[in-house]
Structures are given as structure tokens and as C-alpha cells.
Amino acid sequence: MKTALITGGASGIGKACVIRMAREGYGVVVADVNMAATEALVQELTGEGLAAIAVHMDVSSEQEVEAGFDRMMEAYGSCDLVMSNAGIQIVHPFDEYPFADWKKMMAIHADGAFLVARAAFRRMKAGGKGGRIVFTGSVQSFVGSKLKEPYNFAKHGVAGLAKAVAREGAEYGIYTYTICPSFIKTPLVEKQIPEQARDLGISEEEVVKNIMLRDTVDGQFTTVEDVADMLAFLANDKGALTGQSLRLTHGWAMM
Ligand code: NAD
């Protein structure tokens with residue numbers, strides 16, 4: 001059985017990807033800090049006869065990341081697909097951005113991506129049969145956004161990390177990708193709408209229409225299913241797309 005570990009797997013994009021890969025026949029590892037949601041999802045999947053385990057993994061903790069991957073190897077004996085997806089958002093005007101919040105963003109987005117990708121790379125290299133590491137980037141991996149300097153910094157960074165790891169991983173059959181969605185209505189985004197309205201002094205409707213969807217060609221949100229479809233597609237890529245960033249942005253920031 002092929003296996004997939006997805007961080008931030010208990011909610012939003014990660015949850016949709018967990019469900020998709022479990023239904024594709026993968027043994028999944030739901031890695032998250034929200035254990036109530038993680039265990040509920042695992043119960044739902046195992047109730048359908050699918051293979052799933054829960055691990056508490058704070059992606060900013062080297063010890064928890066390594067222990068979570070050890071648990072994956074113990075349960076399934078293989079590490080085939082890993083999605084570094086856990087994330088948070090903290091918005092503030094740049095001149096008021098607290099250093100403590102910058103550090104929190106870096107711990108989860110930058111340290112987390114490094115620790116998860118390195119843990120995956122170690123197991124895939126040792127396993128001798130390659131694997132795929134997928135980062136959740138964003139349209140913010142290409143453009144800049146008001147109030148989101150740390151997020152922009154980190155999301156540009158993960159796309160670079162994927163490119164470098166693609167070079168080093170090639171000889172071991174380890175392929176890497178960055179999936180870059182535009183706005184998707186998940187809890188992470190629902191929370192930002194009133195916060196941005198407050199910080200920018202505009203209405204919530206204006207945040208959605210004039211900020212979140214303004215630069216798309218059709219005024220549409222991307223969906224968690226769009227990302228899950230792309231992940232399932234990449235799970236079968238034989239290296240043609242390694243190192244690439246895949247933009248699921250409804251025309252925002254076309255290449
Ligand atoms: P979400 O809030 O629905 O889910 C995030 C999950 O990450 C939650 O289950 C949370 O418990 C978990 N998490 C938070 N901190 C963690 C940590 N330290 N260790 C492990 N897990 C942790 O958010 P989402 O919208 O599904 O976002 C998932 C990823 O997608 C993030 O990296 C986000 O930046 C990115 N993204 C989101 C959008 C969007 O519009 N929603 C667009 C582009 C990229």
C-alpha cells in the first residue's frame with residue numbers, strides 16, 4: 001500500500017487532500033495539532049474501511065516531526081507522498097507587525113516546511129524507491145499582498161525550497177512540487193475577512209470582491225477539491241513536473 005502524510009490534515013485543504021488520498025487507496029497519516037479534529041477524521045475514514053492514523057505533529061518542533069514520521073514508518077513501513085501544508089495567517093499593517101508574530105509565522109511556515117520536507121527526504125532516500133514531496137504554496141508565492149509580509153516571505157520561500165530539493169532529490173527519484181492556490185474559503189480565510197476589513201477600513205464584502213477575488217479572471221474562489229485533484233495528479237507524476245509551482249488561481253498571476 002502506498003502512503004501519504006499530510007500536515008495540517010485536520011481542516012480545510014489538508015482535510016480534503018487526506019480524504020482524497022485515502023479514497024485513492026493510500027494509507028494516510030493525518031498530522032496536526034488539533035487532535036479532536038484529527039481523531040474525528042481518522043475515525044470517519046477507518047469507519048469507511050480506509051487506512052488512516054492520527055499523529056500529533058507541531059510542524060515547528062523537530063522532535064514531533066521526526067516522531068510523527070517514525071510512527072508512519074512503524075504503521076505502514078513506507079513513506080511515498082508527503083504534503084507540507086500546515087499553516088496559519090496573521091495579518092497586521094507592516095509598521096505595526098509584532099516581531100513575535102513574525103517569528104510565529106516563520107516557525108510554522110518556514111521551519112515547518114524545512115523540518116517536514118527533510119524528514120520526508122530522509123525516509124524516501126533510505127527507502128530506495130523515491131517519493132513525492134508537495135508544498136502548499138499560494139498565489140502569495142508570486143505576488144505581494146498588503147498586511148501579509150511574513151506570509152509572502154514564507155510562501156515565496158517554500159517555492160524556492162521545492163526547487164532546490166527537486167535538484168537534490170532527482171537521483172533518488174524524489175520529486176517535489178508547490179501547489180499555489182488563490183483564495184479558498186477555509187477557516188483560515190473566513191477568519192481573515194473581518195480582520196482585513198478592520199485593518200483596511202473597508203467592508204467585508206469589499207475584502208472578498210476587491211481584494212480576494214479582484215485579480216481572478218472570473219471572480220471565483222478556488223476550492224479544496226481543486227487542490228486535492230492536483231495532489232492526486234502529482235502523486236502519479238514521473239518527474240516531468242518536478243520543481244514546478246502549479247498555479248490554481250483562476251487566472252490571477254498567469255505565467
Ligand atoms: P485551515 O486553517 O483550514 O487548516 C490549517 C490546519 O493546520 C489546521 O488543521 C491547523 O490545526 C493546522 N495547524 C496549524 N498550526 C499547526 C502546526 N504548528 N503544526 C501542525 N498543524 C498546524 O487552513 P487552510 O486554508 O486549509 O490552509 C492550509 C494551507 O494552505 C496553509 O499553508 C495556507 O497558507 C495555504 N493556503 C490557503 C489558502 C486559502 O485561501 N485558504 C490559499 C493558499 C494557500
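From a predicted model like this one, the values you see are computed outputs, not experimental measurements. Read the numbers this way: they start at 1 and go in the same order the structure lists the ligands and their atoms.
No side-chain donor-acceptor contact under 3.5 Å links Q196 and K191. For the 3.5 Å distance criterion, the side chains of D101 and H92 qualify, holding a donor opposite an acceptor. Defined by atom type and a distance below 3.5 Å, a donor-acceptor pair is present between the side-chain atoms of S78 and K129.
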For ligand 1, which of its N or O atoms have a protein N or O partner closer than 3.5 Å, and how long is each gap?
from, atom 1, to, atom 2, distance (Å)
ligand 1, 3 (O), S11, OG, 2.7
ligand 1, 9 (O), D32, OD1, 3.3
ligand 1, 9 (O), D32, OD2, 2.7
ligand 1, 11 (O), D32, OD1, 2.6
ligand 1, 18 (N), D58, OD1, 3.0
ligand 1, 19 (N), M57, O, 3.3
ligand 1, 19 (N), V59, N, 3.1
ligand 1, 25 (O), T186, OG1, 2.4
ligand 1, 26 (O), I13, N, 2.8
ligand 1, 32 (O), N85, O, 2.8
ligand 1, 32 (O), K155, NZ, 3.0
ligand 1, 34 (O), Y151, OH, 2.6
ligand 1, 34 (O), K155, NZ, 3.3
ligand 1, 40 (O), I184, N, 2.6
ligand 1, 40 (O), I184, O, 3.3
ligand 1, 41 (N), I184, O, 3.2
ligand 1, 41 (N), T186, OG1, 3.0

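Other residues sharing the hydrophobic cluster of F142, ordered by chain and number and joined by side-chain separations under 4.5 Å: V91, V139, V143, L147, F183, L188, V189, I193, L200, I202, V207, V208, I211, M212, L213, F221, W252.
Salt bridge E48/R23: present, at least one basic N to carboxylate O contact under 4.0 Å. The pair K209-E205 does not count as a salt bridge, with every side-chain nitrogen at least 4.0 angstrom from each carboxylate oxygen.
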